K.L.:
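Okay, here's the structure, questions in a sec.
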Amino acid sequence: MKLLVINGPNLNMLGIREPGIYGRETYADLCRKIREHAEEKGVEVELFQSNHEGDLVDAIQGAFGNTDGIVINPGAYTHTSVAILDALKAVSIPAIEVHISDVDAREPFRRISYVRLACRQTISGHGTDGYLEAMDALIGEEKG
Ligand code: DQA
């Protein structure tokens with residue numbers, strides 16, 4: 001089984017950006033944690049991060065035909081991007097939306113998610129453990 005973990009804008013700044021909200025773990029720490037978890041579970045994982053909406057769309061399209069599940073934290077594009085929603089719908093690969101912070105408990109604009117409409121599930125406010133929970137849910141689904 002192959003999973004793709006996609007992170008959108010500013011998630012490369014983890015550990016530096018608003019640590020009171022996003023914690024002190026860096027993006028490199030997150031990548032390590034995801035890779036170790038994938039190894040433990042015996043699945044292949046690819047990681048992708050970009051600050052550019054079109055690059056995120058390209059990464060989703062590039063997963064077509066070679067990926068069994070997508071874990072996606074689209075960052076701020078969650079709340080604005082019809083293009084990312086459409087890309088997820090286009091490839092129709094099982095996808096789970098992850099947010100490190102509890103988006104429903106923050107500013108009202110963060111409660112809107114376009115991407116959610118193409119996702120099986122949303123995991124929000126579980127810190128970086130949310131990525132591992134999303135991976136487990138996709139792995140569980142595949143095993144049926
Ligand atoms: C985020 C929440 C978004 O509202 C924000 O724009 C982010 C990170 C999260 O992981 O909590 O960049 O997706």
Side-chain angles (χ1 to χ4, degrees), residues 1-41 43-64 66-142:
M1 178 182 201
K2 185 183 168 194
L3 298 176
L4 172 63
V5 180
I6 298 178
N7 276 287
N10 298 308
L11 288 155
N12 56 319
M13 296 293 282
L14 281 179
I16 299 163
R17 76 182 288 210
E18 304 180 87
I21 296 176
Y22 299 111
R24 298 248 170 230
E25 256 176 289
T26 64
Y27 180 67
D29 293 335
L30 172 63
C31 292
R32 196 174 318 118
K33 188 165 161 170
I34 289 169
R35 285 207 176 91
E36 281 172 8
H37 193 67
E39 204 173 308
E40 265 170 41
K41 298 285 172 177
V43 300
E44 201 186 323
V45 72
E46 187 185 329
L47 287 123
F48 181 79
Q49 190 277 328
S50 175
N51 295 323
H52 305 279
E53 188 175 17
D55 289 346
L56 297 168
V57 169
D58 287 345
I60 295 165
Q61 289 185 6
F64 182 69
N66 62 57
T67 298
D68 305 297
I70 294 177
V71 175
I72 184 163
N73 181 349
Y77 287 135
T78 305
H79 319 297
T80 63
S81 181
V82 178
I84 294 173
L85 166 65
D86 284 350
L88 288 169
K89 283 187 166 176
V91 297
S92 70
I93 297 167
I96 297 186
E97 176 190 19
V98 171
H99 299 288
I100 295 168
S101 66
D102 181 1
V103 280
D104 290 327
R106 297 179 63 193
E107 303 94 324
F109 65 82
R110 292 188 205 273
R111 289 184 203 140
I112 295 159
S113 169
Y114 289 94
V115 171
R116 187 168 301 172
L117 300 171
C119 292
R120 305 271 165 120
Q121 201 185 322
T122 297
I123 298 171
S124 176
H126 296 186
T128 57
D129 285 349
Y131 291 86
L132 311 188
E133 288 168 30
M135 290 167 74
D136 288 346
L138 290 166
I139 295 164
E141 231 179 85
E142 162 115 339

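All ligand and atom numbering here is 1-based and tracks the order in the structure. Count residues from 1 along the sequence. Values below: all heavy atoms of this structure, side chains included; hydrogens, waters and symmetry mates excluded. Keep in mind that what you see is a predicted model, and the values were worked out from it rather than measured.
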K.L.:
Going from CG on Leu30 to CD1 on Ile100, what distance comes out if it is rounded to the nearest 0.5 angstrom?
P.N.:
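Rounded to the nearest 0.5 Å, the CG-CD1 separation comes to 6.5 Å.
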
K.L.:
Dump the pairs for me: ligand 1 N or O, protein N or O, distance under 3.5 Å, to 0.1 Å.
P.N.:
from, atom 1, to, atom 2, distance (Å)
ligand 1, 4 (O), His79, NE2, 2.7
ligand 1, 4 (O), Arg110, NH1, 2.8
ligand 1, 6 (O), Ala76, N, 3.2
ligand 1, 6 (O), Arg110, NH1, 3.2
ligand 1, 10 (O), Asn73, ND2, 2.8
ligand 1, 10 (O), Ile100, N, 2.8
ligand 1, 11 (O), Ile100, N, 3.2
ligand 1, 11 (O), Ser101, N, 2.9
ligand 1, 11 (O), Ser101, OG, 2.6
ligand 1, 12 (O), Arg17, NH1, 3.1
ligand 1, 12 (O), Arg17, NH2, 3.1
ligand 1, 13 (O), Asn73, OD1, 2.8
ligand 1, 13 (O), His99, ND1, 2.8

K.L.:
Donor-acceptor pair, Thr26 side chain versus Gly15 backbone, under 3.5 Å?
P.N.:
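Not at all, since once roles are kept as given, no pair shorter than 3.5 Å links the two residues.
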
K.L.:
Establish, from distance only, whether the side-chain atoms of Thr78 and Glu97 form a donor-acceptor pair under 3.5 Å.
P.N.:
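Looking only at side-chain atoms, Glu97 and Thr78 do not form any donor-acceptor pair under 3.5 Å.
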
K.L.:
Check side-chain contact (heavy atoms from CB on, under 4.5 Å) between Glu107 and all other residues, then give those that pass, not counting sequence neighbours.
P.N.:
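Glu107: side-chain contact (heavy atoms from CB on, under 4.5 Å) contacts with Phe109, Arg110.
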
K.L.:
Partners of Glu44 by salt bridge (Lys or Arg N to Asp or Glu O under 4.0 Å), sequence neighbours excluded?
P.N.:
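Result, salt bridge (Lys or Arg N to Asp or Glu O under 4.0 Å) vs Glu44: none returned.
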
K.L.:
The criterion is salt bridge (Lys or Arg N to Asp or Glu O under 4.0 Å); which residues satisfy it with Arg32, sequence neighbours excluded?
P.N.:
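Checked Arg32 against salt bridge (Lys or Arg N to Asp or Glu O under 4.0 Å); matches are Asp29.
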
